[in-house]
Number of protein chains: 2
Amino acid sequence: MSVAIENFVKAIYNNEKHDIANTKPGNIASKLGISSAAATDMAKKLDTKGLLNYEKYQKLRLTKKGEKMALNVVRKHRLWEAFLHKTFDMSLHEIHREAELLEHETSDFLAEKISAYLGNPKFDPHGDPIPNANGEITTKDTSIALINANENKDYIISRLISTDKEFFEFCALNGIKYGNKIAVKKQFKNSQMTQIIINTNTIVLNQDFTQIIYVNEIN
Amino acid sequence: MSVAIENFVKAIYNNEKHDIANTKPGNIASKLGISSAAATDMAKKLDTKGLLNYEKYQKLRLTKKGEKMALNVVRKHRLWEAFLHKTFDMSLHEIHREAELLEHETSDFLAEKISAYLGNPKFDPHGDPIPNANGEITTKDTSIALINANENKDYIISRLISTDKEFFEFCALNGIKYGNKIAVKKQFKNSQMTQIIINTNTIVLNQDFTQIIYVNEIN
DNA sequence: TTATATTTTTAAGTATGCTTAAAAATTTTT
DNA sequence: AAAAATTTTTAAGCATACTTAAAAATATAA
């Protein structure tokens, strides 16, 4: 299937995870950097291909077949991220940029080689789950956004939901990394700031960051 | 630059190495699996882009700029082949098939990472030279086709010029591999067969194979 | 609930990269 | 050197994936 189609179903899939209410042509279009008109055209075409259900003015809903295609692309994307991070020690921003291209030119055969080489990982370096070869996600996500974490509790960083270079540079400098431990010291409700301790350093994060850093409480 | 353009200049580049007399639209078209008309159109377009010189009914000649683009793609192709062969132990046929796709979606940045990881190799697993980051091939090829080798001499296999799956399967079964040593026992001039000894096994090859296996004499 | 703003759809058009068919030029054979 | 065969070019057309502009529908606000 073409790159445009793979990116379209992927964008719908990702959108459904975060903003299901707004999975409409205009929203998908802005995420893909194309016009709303182009997105409407594509949605009609993919409906005839059985990849999604399109009804005028309604939100776009992937069919089972469309979701399977999206998960296949997502799998390849996240496998490449994990592989590039491990093998070449590339940053979270770099691996995303490269995986965005490689994901469309990766055979299922090669994806299995990469997965086996890595020991069939269940998560990529952002903490996002890697679907298995059947397009199933077998892990359960119990993480919460850091903005909702409790004061005086310890957490493990479990996801960094972003594609922004500056954010990842900040993370790299401050030890904010998938799997690392942090202590939440104080939530400043008024100013929407969060004070945490990481590697003995105290830092204060604003809501731009605490809404995209996800954590799991340590029991 | 688009995949179609990259493949076009690459095909011209490769053709010039083996069959310079016939670097015309029809020949390039058949190598790319497109019509002659499409190749003529593309040649005109690439002329205006300064990638090649096109004159009606004349052979196509890459400009410096076009050759540089071709070498950049060839570099990425051969780096991927070397990498996939080493890291995932994939066959010569498999690495070619995957590299054919990945080469177009590989940034210069990633190519450098792959090259450094491999120790900046000068040859890929087929024995083809890998251009450096400036698009230069600094190695000199002194190999000859096995069909032209001398009887009772020892050689090192230096190139396997093919993309054929069956050929590579035969090679894998018989130890015919880049860098391996063989002894040429007899050239049967009439039947165009060549008898060689490899790993203590005696095998006889016909001209289909002895024209694409290249060797260097051991002094 | 009516006016306003926003979003979605339709319509017309464009660039790329191909196709087939026929005309033109070149190459090969006799 | 003329005839035959082959190759290249031209011309017209198509599918994909976009664009902009305007019309239609929906969502929001007064």
Side-chain angles (χ1 to χ4, degrees), chain A residues 1-13 15-16 18-62 65-66 69-70 73 100-101 103-105, chain B residues 1-13 15-16 18-62 65-66 69-70 73 100-101 103-105:
Chain A
M1 210 52 57
S2 75
V3 173
I5 292 176
E6 288 187 352
N7 277 330
F8 202 85
V9 295
K10 191 180 89 170
I12 294 173
Y13 174 81
N15 209 63
E16 282 178 346
H18 300 297
D19 190 12
I20 188 160
N22 200 19
T23 305
K24 287 191 174 183
N27 189 26
I28 301 301
S30 71
K31 301 232 162 108
L32 293 173
I34 61 177
S35 68
S36 291
T40 298
D41 279 0
M42 182 60 92
K44 284 181 186 170
K45 189 166 78 181
L46 297 196
D47 182 294
T48 71
K49 284 186 190 286
L51 293 167
L52 54 77
N53 295 124
Y54 170 75
E55 287 178 89
K56 272 191 188 183
Y57 302 107
Q58 302 310 120
K59 67 184 188 201
L60 305 173
R61 285 169 19 256
L62 290 178
K65 183 179 168 189
M69 179 185 288
V73 178
E100 204 69 3
L101 299 173
E103 63 185 11
H104 304 293
E105 304 302 333
Chain B
M1 210 51 57
S2 76
V3 172
I5 292 176
E6 288 188 352
N7 277 330
F8 202 85
V9 295
K10 191 180 92 170
I12 294 174
Y13 173 82
N15 208 63
E16 280 177 348
H18 300 297
D19 190 12
I20 188 159
N22 200 20
T23 304
K24 287 192 174 183
N27 189 26
I28 300 302
S30 71
K31 300 230 162 114
L32 293 173
I34 61 177
S35 67
S36 291
T40 298
D41 280 358
M42 183 61 91
K44 285 180 185 170
K45 188 166 81 182
L46 298 196
D47 183 296
T48 71
K49 283 185 190 286
L51 293 167
L52 54 78
N53 294 124
Y54 170 75
E55 287 178 88
K56 273 191 189 183
Y57 302 107
Q58 301 311 119
K59 69 182 186 203
L60 306 173
R61 286 167 20 256
L62 289 178
K65 184 179 167 190
M69 179 185 288
V73 178
E100 204 69 2
L101 299 174
E103 62 186 11
H104 304 294
E105 304 302 334

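Note on naming: letters A, B, ... go to the chains in the order of the sequence lines (proteins, then strands), and numbering restarts at 1 for each one. Every value quoted in this text rests on a predicted model; they were computed, and no experiment measured them.
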How many angstroms lie between atom [atom1] of [X] and atom [atom2] of [Y], to the nearest 0.5 angstrom?
| X | Y | atom1 | atom2 | result |
| --- | --- | --- | --- | --- |
| Leu46(B) | Asp41(B) | CG | CG | 10.5 Å |
| Asn7(B) | Ile28(B) | CG | CD1 | 11.5 Å |
| Glu16(A) | Asn22(A) | CD | CG | 12.0 Å |
| Leu51(A) | Phe8(A) | CG | CZ | 10.5 Å |
| Glu100(A) | Lys10(A) | CD | NZ | 3.5 Å |

Once you round it to whole Å, what is the distance between [atom2] of [N] and [atom1] of [X]?
| X | N | atom1 | atom2 | value |
| --- | --- | --- | --- | --- |
| Lys56(A) | dT10(C) | NZ | C1' | 8 Å |
| Phe8(A) | dA17(D) | CZ | P | 11 Å |
| Glu55(A) | dT26(D) | CD | P | 12 Å |
| Gln58(B) | dA24(C) | CD | C1' | 15 Å |
| Asn22(A) | dT6(C) | CG | C1' | 12 Å |
| Ile34(B) | dT19(C) | CD1 | C1' | 11 Å |
| Lys24(B) | dT26(C) | NZ | P | 9 Å |
| Leu32(A) | dC18(D) | CG | P | 8 Å |

| task | Assess whether side-chain contact (heavy atoms from CB on, under 4.5 Å) is satisfied between Met69(B) and Met1(B), documenting all intermediate values. | result | CA-CA 9 Å; Met69(B) 179 185 288; Met1(B) 210 51 57; 3.6 Å; yes
| field | Minimum heavy-atom distance Ala70(A)-Leu62(A), with the two atoms named | value |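 Where Ala70(A) meets Leu62(A) most closely, the heavy atoms are CB-CD1, 4.3 Å.
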| With nearest nucleotides of DNA chain D determined for Ser35(A) and Tyr57(A) from heavy-atom distances, which residue corresponds to the more 5′ nucleotide? |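 The answer here is Ser35(A).
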| request: Would you please name every residue forming a side-chain hydrogen bond (donor to acceptor under 3.5 Å, both in side chains) with Asn15(B), sequence neighbours left out? | output: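 Counting only residues at least two positions away or on another chain, Asn15(B) forms a side-chain hydrogen bond (donor to acceptor under 3.5 Å, both in side chains) with Thr23(B), Asn27(B), Lys31(B).
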| query | At under 4.0 Å, does any side-chain N or O of Ser2(A) touch on OP1 or OP2 of dT16(D)? | reply |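 No, because none of the side-chain N or O atoms of Ser2(A) sits under 4.0 Å from OP1 or OP2 of dT16(D).
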| Divergence of helical axes at both termini of the helix from dT1(C)-dA30(D) to dT30(C)-dA1(D) - five pairs an end, 10° steps |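 About 10° separates the two local helix axes.
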| request: Using atom types as modelled and distance alone, determine if a side-chain donor or acceptor of Lys45(A) lies under 3.5 Å from a backbone N or O of Ile5(A). | output: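 No, because the side chain of Lys45(A) does not come within donor-acceptor range (under 3.5 Å) of the backbone of Ile5(A).
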| message | Any residue in residues 36-52 of chain B with a heavy atom nearer than 4.0 angstrom to DNA chain D? Just list them by number, or reply none. | response |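 Those residues whose heavy atoms fall under 4.0 Å from DNA chain D, taken from residues 36-52 of chain B in numerical order, are Ser36(B), Ala37(B), Thr40(B), Lys44(B).
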